[in-house]
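Contents: one structure, followed by commentary.
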Amino acid sequence: MADDKALTPRGQDFSSWYNEVVLRAELAEHSPVRGSMVIRPWGYTLWENMQRALDDMFKATGHQNAYFPLLIPLSFIAREAEHVEGFAKEMALVTHTRVVPDGQGGLVPDPESKLEEPLVIRPTSETIIYDAYSRWVQSYRDLPILINQWANVMRWEMRTRLFLRTAEFLWQEGHTAHATNEEAEQEAQTILGVYRTFMEEWMAMPVITGRKSDSERFPGADHTYALEALMQDNRALQAGTSHNLGQNFARQFDLKFQAESGDWEYAWNTSWGVSTRLVGGLVMTHGDDSGIVLPPKLAPVQVVITPIWKTDEQQAVVLEKAESVANVLRQENIRVHVDARENMSPGAKYYDWERKGVPLRMEIGPRDVAKQQLVLVRRVVPEGGDRKEFLSETMALSVIPERLREIQVGLLAVARRRQEANTFRLTEYGPFKKMVAERGGFYFAGWCGAVSCEDKVKEETKATIRVLPDASFRSDPPPERCLVCDGAARHEAVWARAY
RNA sequence: CGGGGCGUAGCGCAGUCCGGUAGCGCACCUGCUUUGGGAGCAGGGGGUCGCCGGUUCAAAUCCGGCCGCCCCGACCA
């Protein structure tokens, strides 16, 4: 970075900007093990706020939480052929249970403690969960099962980035079992809707929803739905997935029930998840050259109060005012923090909280106390708006909830405009190839459905089909020809280079 | 796994080419003055120079080996 104060500007090197801002906003840092990260309190509180919102929505749609174990017998993973293939190359195994000295001051696994069957650290929990469900379900009366779990999982990735791709990450995984395919399909769609609502209304991150092409489908699923967001560098981020698993796992784990007719039938499953990757998505959606920008609904601190003083007497008066104002706001359920640190100048505090993305700052100095006024400063200045507002104390207190709401919707509006400005509908391969590689963005175009066309695009541009968009996102009229081979289009597809 | 870079104080780095008492900035501690956009001055503390071995009177520096991390590519949420 240029110096220890400023961040690398996004326009200069987006990737460096991202790494720096995650570290310097104190969201997370690298741990001693490659691919693992320490999530620091500021980042974890953000995640907790996301969890709370999502968890409430899961509960409101009839789900319960449970917890299934970290370790999965290797033989379980082996049962579903596609599942094995999908995760074979990124599994961490537990093979020993004791260590012995190696004679050189170190420790090695005790050969005598080798497990008969290695245990897999879960990369996802379908197998262990459907094994349990198979014991829970006998009759159609036991269905549906609607369970979610909050857990950590491990996928031994070759290349990792804080939040976006780490070997261990935190997520939620929902796993449901239903009596009919229609019901399972409805569930997968319902969750897709829940995710979309969360991403738009809480994260202020617009998404395109749709179905994955076969090559991007979850290993073991009949089909996969996904939500894709466009980051500021015009690369797509898969922000969440919801799978209709059909009866693929039910067959392998003998998850059967007796129907009203008396016949035995395999249950229909769904699974769905979002992870701490969302934190990375939030950073790359709203962050600017000063730091991250947090939507008020998720910000660990919504209003930071920075007191300003010269003398000890002023300090006492100003701090007292700051605390009393903070308490009034707390009664309105606003998350407020008084930054009373004595060893830091007000200016330094401003930079600090701006880097950390706090939506609103309130300055209280001796002059404000005397005039019974407060100074409000927005993290992101609306176009044509004032950066600072000088308001009477009563006015300021009543206006803050309103400001927070404005900021929340403003962020979504800006992000949506950016996404729209970087979304293109093309019919010719030449211009597409050039644009998708050089400037990025979302590209809506026809697709014949052939894997060969998908592969050709990937090879030549590194772009992939992110989704076959849902009806509400599709073009009218729909594209007629395949972007790549000019054959008849069977689908409309959204192409982009992705994280 | 290929290519590149890095490992020296809590953080960021210089010093390595050309061996000779381990440095700078930030942070930290003490004191005074400060505080409305990254405070100043004075004093102070803090290091097995990634690890192991070799060469040498002498190694952060040269040689050999090993380890780790980051970045760029192939696989992935």
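Because the structure is a prediction, the values reported are computed rather than measured. Every chain is numbered from 1 and lettered A, B, ... according to where its sequence line falls, protein lines coming before strand lines.
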Original post:
Taking the six-membered ring for Trp, are the ring centroids of A/Trp272 and A/Phe58 within less than 6.0 Å of each other?
Top reply: yes
Can you list the residues that meet the side chain to side chain donor-acceptor pair (under 3.5 Å) rule with [X], with sequence neighbours excluded?
X: A/Glu460; answer: A/Tyr429, A/Lys433
X: A/Arg40; answer: none
X: A/Gln419; answer: none
X: A/Glu228; answer: A/Lys212, A/Arg466

Subject >> Partner residues of A/Glu85 under the salt bridge (charged side-chain N to carboxylate O under 4.0 Å, His left out) criterion, sequence neighbours left out >> reply: none
Subject >> Residue list, salt bridge (charged side-chain N to carboxylate O under 4.0 Å, His left out) with A/Glu342, at least two apart or on another chain >> reply: none
Provide the distance between the two [atom1] atoms, one in [N] and one in [M], to the nearest whole Å.
N: B/G54; M: B/G68; atom1: C1'; result: 23 Å
N: B/G40; M: B/C26; atom1: C1'; result: 15 Å
N: B/C13; M: B/C6; atom1: C1'; result: 12 Å
N: B/G12; M: B/C69; atom1: P; result: 16 Å
N: B/G64; M: B/G25; atom1: C1'; result: 36 Å
N: B/C51; M: B/A59; atom1: P; result: 15 Å

Mind listing the N/O atom pairs, protein and nucleotides 27-29 of chain B, below 3.5 Å?
| unit_1 | atom_1 | unit_2 | atom_2 | d |
| --- | --- | --- | --- | --- |
| B/C28 | OP1 | A/Asn343 | ND2 | 3.4 |

Subject >> Distance in angstrom units between A/Glu342 CD and B/U30 P, rounded >> reply: 12 Å
Original post:
In terms of the angle between their ring planes, are A/Phe198 and A/Trp202 parallel, tilted or perpendicular, with boundaries placed at 30° and 60°?
Top reply: parallel
**OP:** Please list all pairs passing the side chain to side chain donor-acceptor pair (under 3.5 Å) test where one or both residues lie in residues 279-303 of chain A, with sequence neighbours left out.
**Re:** A/Arg10-A/Asp289, A/Asp288-A/Arg379
**OP:** Using a 4.0 Å heavy-atom cut-off across all strands, classify A/Glu354 as base, sugar-phosphate, or nothing.
**Re:** base
**OP:** Scan A/Val375 against the nucleic acid and name what it touches under 4.0 Å (heavy atoms): base, sugar-phosphate only, or nothing.
**Re:** base
**OP:** Report, as a single string ordered 5' to 3', how protein heavy atoms within less than 4.0 Å touch nucleotides 71-77 of chain B: B base, S sugar-phosphate only, - not at all.
**Re:** SSBBBBB
**OP:** State whether the distance check finds a donor on one side and an acceptor on the other, under 3.5 Å, for side chain A/Asp352 versus base B/G38.
**Re:** no
